[in-house]
Amino acid sequence: GAVELVAARVPVLADHPLVRGPRFRKLKIGAGHRLDVKASGVFVLGIGHGNKLLTDLYNCHLTKVYTVGGLFGKASDDFSDTGNLVEKTTFDHITREKLERILAVIQGTNQKALLMYSNIDMKTQEAYELAVKGLIRPMGKSPPIITAIRCLQFALPEFQLEIHCLHETQQYLRKMVHEIGLELKSSAVCTQVRRIRDGVFTVDDALPRTQWNLQSIQEAIRNCQLKVETELEKTLA
């Protein structure tokens, strides 16, 4: 008689738990204070339960520190040296002393704003205790505030600043470089924005791309655990 062929389904053993091992299910990763495409430096991520700690650190409103490079004599449409050039100016009259006077004015103006948005009576014992601990800062929304600014390098037409700030964006820092140039009767573009500290995290804590592996990440989490817990206890308590 005729032979009938019957289709049969064979199990795929490549997907069997005893072959592939335990399956990776889910890993939640959260981003802290972001960096735009033209900036570099410390970028904090939260992994798993660390996302809650990341939110708590965000609520601490900790200071971030940047090194910002500038170039006198040019102005661009986006305040950076890669933007479209819109103006060229002279800069021979600029000295380090003139630059530092402008920086002192910026810091003084921002110190007044810092006290205003902190909502603290500076004549009270509470204000004194917070000042001793370095905890006077806006604990809510506020405009960008510069808590400290100084000149690191000055060699015309180039200069480099160190800026301590709160609630800033990298574009805000580039615009500040532009405004410094205007105050000095010239113009300036930003050549570099690099974050060297984000709250308790510094460049020394950061992992370069070559160390983006499980072992290095676990070690970095262990190394930062104590200072994160200490900062949260000090600030949020």
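Residue indices begin at 1 and follow the sequence shown.
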L103 reachable from L152 in the ILVMFWY side-chain graph, under 4.5 Å edges
no

Do the side-chain N and O atoms of Q225 and R222 include a donor-acceptor pair separated by under 3.5 angstrom?
no

Less than 4.5 Å apart, any side-chain heavy atom of E100 and any of K98?
no

For the side-chain hydrogen bond (donor to acceptor under 3.5 Å, both in side chains) test, which of E168, Q192, R194, R197 pairs with Y66?
E168

N84 CG: over 12 foreign heavy atoms closer than 6.0 Å:
no

Looking at side-chain heavy atoms only, is the closest gap between D78 and K38 below 4.5 Å?
yes

Within a reach of under 6.0 Å around NZ of K64, are more than 12 heavy atoms found that belong to other residues, nucleotides or ligands?
yes

Would you say the side chain of L226 lies within less than 4.5 Å of the side chain of T230, judging by non-hydrogen atoms?
yes

Does atom NZ of K175 have more than 12 heavy-atom neighbours from other groups under 6.0 Å away?
no

For residues F43 and R34, report the shortest heavy-atom separation together with the two atoms involved.
CE1-CA, 3.8 Å

Please examine the side chains of H178 and C190, heavy atoms only from C-beta on, and report whether any two atoms are closer than 4.5 Å.
no

Are R195 and V203 packed together at the side-chain level, in the sense that at least one heavy-atom pair is separated by less than 4.5 angstrom?
no

Is R101 salt-bridged to E97, going by a charged N under 4.0 Å from an acidic O?
no

Heavy-atom count around L5 CG within 6.0 Å, excluding the residue itself: above 12?
no

